[in-house]
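Below is one structure; the comments refer to it alone.
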Amino acid sequence: ASAASAAAEGKQKEKASEPEGDGITEKLDLPVDVDLDKPLDEKLEEMALEEAEDDADEDFEVKDDREHVNIVFIGHVDAGKSTIGGHLMYLTGGVDQRTLEKYEREAREKNRESWYLSWALDTNEEERNKGKTVECGRGHFTTEKKHYTIIDAPGHKSFVPNMISGAAQADIGVLVISARKGEFETGFEKGGQTREHAMLAKTAGVKHLVVVINKMDDPTVQWDEGRYEECKQKLLPFLKQTGFNPKTDLTFIPVSGLSGINLTTRAPDGLCKFYNGPSLVEFLDSLPKITRLLDVPFCMPIIDKFRDMGMYVSGKLQSGKVKRGQKLLVMPNKHAVLVDSIYADDEEMEHAVSGDNVKLKLKNCDEGDVMPGYVLCSTKAVCHVGKVFDAQVVVLEYKSIMCAGYTCVLHIHAAVEEVTLKGIVCMVDKKTGKSDKTKGRPRFIKQGDIAVVRFELQQLTCLETFKDHPQMGRFTLRDEGKTVAIGKVLKVLDSLTEGVGTALAPSASSSAAPDAASEADPVE
């Protein structure tokens, strides 16, 4: 009996000396192979990532069937872009009367009485003090027919890169022109931003441009038809040359951003006798519905990121759909993330579709995992990633010549990367648009030339051919603060994602094998 009791006591001591479990495995029903040394939140994220769905193919229940349209306000500095955007938000209920009175009071204290409307979009202190937009301002308003997101692009030449990122998110461009004597001439002449902004908007994929002739109530103008026609006739040839069709892609509207005339309602009888067309909002509501890429894999270039109780990224869905709990890949680093929350215009949503401007809260994502210029993709069809690509370029403005070894800055979707010209494949005939290989390989290209060239990026970058995905395949080249060329990607030569698929559809032309990237192979 004494021996049995001694054995029982020994067993109890052994049991007491065993390390107690933390209870996590039992409580959470974790799989056996989960590393218990990791923090609890990391374990939960890993489990959620494994169980997450890869696609958002099912039909969503749409709460608001109004079309979502993204508008970018572009034009020369001090043309009145922020004032028009702020006044539109006030007239449509996007900004309440009390907030506007607060802005007006604060502006009066700084002796800036006429700037208060722009403060709805210019939110930081530096922009308000100087009266110049630095970063793309954001706002939104709703009409009976459509829901609009406003992107207020900076007009100063020092902030053109910010303007390019804003234009890349837009469906419709509003080119704001100041009719005030001297201001129109300054903006439109060489060195002004009116020309560059219009050309960059077209390159970014803006199909319809609304040209708003602002400040028509200025003492130097006073709704003068002659001044309106002068601005219009000077702009038309340039915009036509840029690629806009005057009959289908361009609309001219005289407005006053400060007084709100012709923004939401038409001008009073007798004030603007030469124009009897619709107001700005009436015209935007009347535009046909934009075709969205809904039935293709998800793709969203990341415009910005920030941390606020988690990692957030923002951008415009270029194609596909996304829902809460969906698993996505961040390219080019192939990092898997989970969509925790979706926000559109500060409202939390269950899902978003192509064309929406959204903020996504991501799980399993650290500060270094995402950067502006990276692309969120569906796990089943990721975008191409490469460094060497062939492209067709148009040299717009460059005093010298471009030859092998020339370096500049490439803007493609939301990415900004340094690029080197490796070689010139052939010239392109301006009349026929076809490759001209009869003269052999040119040694250089100059202003006005169109050519097929080969570029090499310094870092791996997400890009697609223009044929497969236009928004991911058009780019701008800038050097010394000026836009020197525009172009489109024809072939990605060293894609690391060959065979996985593209954002739209697999294409033989966009997934050439690395050994095909020799200097001798021609580009069709």
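FYI, side chains are in, hydrogens and waters are out, and symmetry mates aren't considered; it's all heavy atoms of this structure. Here the structure is a predicted model, which means the values were calculated and not measured.
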Item checked: Minimum side-chain heavy-atom gap Phe188-Ile177 below 4.5 Å -> no
Next item on the list: Mind listing the closest non-hydrogen atom pair of His411 and Arg478 along with its distance?
Entry: NE2-CD, 3.7 Å
Check: Within the side chain of Asp217, is there an N or O that forms a donor-acceptor pair under 3.5 Å with the backbone of Trp223?
Finding: no
Notebook entry, point to check: When rounded to the nearest 0.5 angstrom, what is the spacing between OG1 in Thr143 and CG in Asp285?
Noted result: 3.5 Å
Check: Taking atom CG of Asp218 and atom CG of Asp224, what is their separation to the nearest 0.5 Å?
Finding: 12.0 Å
Notebook entry, point to check: Just by modelled atom types, is the Ala267 backbone N or O under 3.5 Å from a matching donor or acceptor in the Asn262 side chain?
Noted result: yes
Checklist line | Gln169 vs Arg138 side-chain heavy atoms within contact, under 4.5 Å | finding: yes
Checklist line | Smallest separation among heavy atoms of Asn70 and His68, with atom names | finding: OD1-NE2, 3.7 Å
Next item on the list: Heavy atoms only: give me the nearest Cys231-Ala179 pair and the separation to one decimal.
Entry: SG-CA, 4.5 Å
Margin query: Between Lys323 and Glu350, is the salt bridge (Lys or Arg N to Asp or Glu O under 4.0 Å) condition met? List the steps.
Written below: CA-CA 6 Å; Lys323 66 176 183 179; Glu350 287 295 319; over 6 Å; no
Notebook entry, point to check: Do Met371 and Lys305 have side chains that get closer than 4.5 Å, going by heavy atoms?
Noted result: yes
Notebook entry, point to check: Could you walk me through whether Glu282 and Arg266 pass the salt bridge (Lys or Arg N to Asp or Glu O under 4.0 Å) check?
Noted result: CA-CA 9 Å; Glu282 285 176 345; Arg266 302 189 184 194; 3.0 Å; yes
Item checked: Residue list, salt bridge (Lys or Arg N to Asp or Glu O under 4.0 Å) with Lys202, at least two apart or on another chain -> none
Note to self: Is there a side-chain contact between Ile74 and Leu209 in this structure, where contact means two heavy atoms from C-beta onward sitting under 4.5 Å apart?
What the structure shows: yes
Check: What do you reckon, are the aromatic ring centroids of His208 and Phe283 less than 6.0 Å apart?
Finding: yes
Checklist line | Steps toward side-chain hydrogen bond (donor to acceptor under 3.5 Å, both in side chains) verdict (His76, Thr186) | finding: CA-CA 9 Å; His76 192 65; Thr186 304; 6.0 Å; no
Next item on the list: Take Thr149 and Asn357, measure what side-chain hydrogen bond (donor to acceptor under 3.5 Å, both in side chains) needs, and give me the verdict at the end.
Entry: CA-CA 8 Å; Thr149 294; Asn357 246 304; 5.2 Å; no
Margin query: Ring of Phe238, cation from Arg195 - is the NZ or CZ under 6.0 Å from the centre and inside 45° of the axis?
Written below: yes
Notebook entry, point to check: Hey, are the side chains of Asn214 and Ile84 touching, using non-hydrogen atoms and a 4.5 Å cut-off?
Noted result: yes
Check: Would you say Val375 and His413 make side-chain contact, with heavy atoms under 4.5 Å?
Finding: yes
Next item on the list: Quick one: do Asp340 and Tyr312 satisfy side-chain hydrogen bond (donor to acceptor under 3.5 Å, both in side chains)? Show the steps, please.
Entry: CA-CA 10 Å; Asp340 188 35; Tyr312 288 80; over 6 Å; no
Checklist line | Side-chain touch Lys215/Val221, heavy atoms, less than 4.5 angstrom | finding: no
Next item on the list: May I ask you to test the Lys145-Glu67 pair for a side-chain heavy-atom distance under 4.5 Å?
Entry: no
Notebook entry, point to check: Under 30°, 30 to 60°, or over 60°: which ring-plane class applies to Phe389 and Phe475, parallel, tilted or perpendicular?
Noted result: perpendicular
Next item on the list: Could you please spell out the steps behind the side-chain hydrogen bond (donor to acceptor under 3.5 Å, both in side chains) verdict for Ser165 and Asn162?
Entry: CA-CA 5 Å; Ser165 70; Asn162 294 348; 5.2 Å; no
Checklist line | Rounded distance [0.5 Å steps], CG in Leu91 versus OG1 in Thr265 | finding: 7.5 Å
Note to self: How long is the straight-line distance from CG of Leu200 back to CD1 of Ile164, given to the nearest 0.5 Å?
What the structure shows: 5.0 Å
Margin query: Quick check for you: to the nearest 0.5 Å, what is the distance between Leu284 atom CG and Ile253 atom CD1?
Written below: 7.0 Å
Next item on the list: Could you pull out the closest heavy-atom pair between Phe298 and Leu376, with the gap in Å?
Entry: CE2-O, 3.6 Å
Margin query: Applying salt bridge (Lys or Arg N to Asp or Glu O under 4.0 Å), can you list everything that pairs with Lys207, at least two apart in sequence or on another chain?
Written below: none
Next item on the list: Evaluate the salt bridge (Lys or Arg N to Asp or Glu O under 4.0 Å) criterion for residues Glu348 and Arg324: first the C-alpha distance (whole Å), next the side-chain angles of each, then the deciding distance (0.1 Å), finally the verdict.
Entry: CA-CA 10 Å; Glu348 190 167 358; Arg324 287 181 62 182; 3.6 Å; yes
Next item on the list: Apply the side chain to side chain contact (heavy atoms under 4.5 Å, CB included) test between Gln318 and each candidate in Pro470, Pro301, Ser354, Cys383; give the one that qualifies.
Entry: Pro301
Check: Between atom SG of Cys462 and atom CE of Met472, what is the distance when rounded to the nearest 0.5 Å?
Finding: 6.0 Å
